[in-house]
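All values reported here derive from a predicted model rather than from experimental measurement.
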Amino acid sequence: QVQLLESGGGLVQTGTSLRLSCAASGGIFSDFVLGWFRQAPGQEREFVGAINWTGGGTYYSDSVKGRFTVSRDNAKNTVYLQMNNLKPEDTAVYYCAADPRGASWYLPHPSGYTYWGQGTQVTVSS
């Protein structure tokens, strides 16, 4: 069974940076496509970014492109989300997700992922 555990969330001010981590256990980490999503109160879960198996390919939602970076360390079974120039609208619970099926690494929808972490809260004050 694959388990994902996010960490690194917190309360920060507008314009600052934060790095989230997501550690995986179980399965073969390098087989996973990994994604980050976020969900604000009363809203649907929103795609943030994703990374392919080797870390050589990434893509992002338009709302975070140029500010957020997804990376992974397959030796540490960990995926990261570096968030720069944070804005109040980035406030949400952030989730990492993993897909082990390997058919495609273009997975911008929650339904494309099999495993999910419990989420970590990010709050950006104005």
Side-chain angles (χ1 to χ4, degrees):
Q1 182 69 18
V2 175
Q3 293 187 324
L4 303 173
L5 182 63
E6 301 97 337
S7 61
L11 172 63
V12 296
Q13 293 185 335
T14 297
T16 61
S17 299
L18 202 59
R19 188 177 82 157
L20 306 183
S21 300
C22 174
S25 60
I28 301 174
F29 188 75
S30 58
D31 285 350
F32 298 157
V33 172
L34 299 164
W36 285 95
F37 290 78
R38 65 187 182 186
Q39 189 166 19
Q43 297 187 20
E44 294 185 352
R45 195 162 294 191
E46 174 192 19
F47 172 73
V48 173
I51 189 166
N52 71 355
W53 308 273
T54 64
T58 56
Y59 58 97
Y60 303 91
S61 68
D62 288 342
S63 61
V64 307
K65 195 176 299 181
R67 299 188 298 123
F68 290 13
T69 302
V70 181
S71 61
R72 66 190 293 165
D73 186 336
N74 286 349
K76 295 182 178 179
N77 289 359
T78 302
V79 60
Y80 305 96
L81 179 66
Q82 177 67 43
M83 304 184 292
N84 298 329
N85 189 24
L86 283 160
K87 304 175 181 180
E89 52 263 43
D90 295 319
T91 295
V93 177
Y94 283 71
Y95 299 89
C96 67
D99 176 60
R101 289 164 289 180
S104 170
W105 69 280
Y106 183 68
L107 299 172
H109 302 289
S111 61
Y113 295 84
T114 303
Y115 302 108
W116 290 84
Q118 85 293 342
T120 185
Q121 176 71 46
V122 172
T123 302
V124 184
S125 64
S126 58

With rounding to the nearest 0.5 Å, note down the distance linking [atom1] in [X] to [atom2] in [Y].
X     : Y     : atom1 : atom2 : answer
Trp53 : Ile28 : CH2   : CD1   : 14.5 Å
Glu6  : Leu20 : CD    : CG    : 8.5 Å
Leu18 : Gln82 : CG    : CD    : 8.0 Å
Lys76 : Phe29 : NZ    : CZ    : 12.0 Å
Thr16 : Leu86 : OG1   : CG    : 5.5 Å
Cys96 : Arg72 : SG    : CZ    : 11.0 Å

Considering all heavy atoms of both residues, which atom of [X] and which atom of [Y] are nearest to each other, and what is their separation?
X      : Y      : answer
Pro100 : Thr114 : CD-OG1, 3.6 Å
Phe47  : Pro108 : CB-O, 3.2 Å
Asn84  : Ser17  : OD1-OG, 2.9 Å
Val70  : Ala50  : CG2-N, 4.2 Å

For this session: Take Met83 and Val12 through the side-chain contact (heavy atoms from CB on, under 4.5 Å) test and state the conclusion after the steps.
Result: CA-CA 11 Å; Met83 304 184 292; Val12 296; over 6 Å; no
For this session: Specify whether Tyr94 and Phe68 have parallel, tilted or perpendicular ring planes, treating 30° as the upper limit for parallel and 60° as the lower limit for perpendicular.
Result: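 Geometry flag for Phe68 against Tyr94: tilted rings.
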For this session: Name the orientation class of the two ring planes belonging to Tyr59 and Tyr106 (parallel below 30°, tilted from 30 to 60°, perpendicular beyond 60°).
Result: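 Correct class here is tilted.
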Problem set entry | Lys NZ or Arg CZ of Arg67 over Tyr60 ring: under 6.0 Å, within 45° |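 Pair Arg67/Tyr60 does not count as cation-pi.
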If two hydrophobic side chains count as joined below 4.5 Å and joins carry through other members, does [X] share a cluster with [Y]?
X     : Y     : answer
Phe37 : Val33 : yes
Trp36 : Tyr95 : no
Val48 : Ile51 : yes

Residues two or more places apart in sequence or in another chain: which of them pass side-chain contact (heavy atoms from CB on, under 4.5 Å) with [X]?
X      : value
Ala98  : Leu4, Phe32, Leu34, Tyr115
Ser126 : Thr14, Pro88
Ser7   : Ser21

For this session: Please confirm whether the backbone N or O of Gly57 pairs with a side-chain atom of Asn52, one donor and one acceptor, at under 3.5 Å?
Result: yes
For this session: Any chance you could pull the hydrophobic cluster mates of Tyr80, using side-chain heavy atoms under 4.5 angstrom and chaining through other members?
Result: none
Exercise. What's in the same ILVMFWY side-chain cluster as Leu5, cut-off under 4.5 Å, chained through other members?
Worked result: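 Grouped by the 4.5 Å side-chain rule, Leu5 forms a cluster of one, so the answer is none.
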Exercise. Are Val124 and Val122 side-chain neighbours, meaning at least one heavy-atom pair lies under 4.5 Å?
Worked result: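 Side-chain contact under 4.5 Å: yes.
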Exercise. Are any non-hydrogen side-chain atoms of Ser61 and Arg38 less than 4.5 angstrom apart?
Worked result: no
Exercise. Would you call Lys65 and Asp62 a salt bridge, taking side-chain N to carboxylate O under 4.0 Å as the test?
Worked result: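 Salt bridge between Lys65 and Asp62, a charged N being under 4.0 Å from a carboxylate O: yes.
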Exercise. Which residues satisfy the side chain to side chain donor-acceptor pair (under 3.5 Å) test with Gln3, sequence neighbours excluded?
Worked result: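 Gln3 satisfies side chain to side chain donor-acceptor pair (under 3.5 Å) with no other residue.
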Exercise. Could you go step by step and tell me if Glu89 and Ser63 meet the side-chain contact (heavy atoms from CB on, under 4.5 Å) rule?
Worked result: CA-CA 10 Å; Glu89 52 263 43; Ser63 61; over 6 Å; no
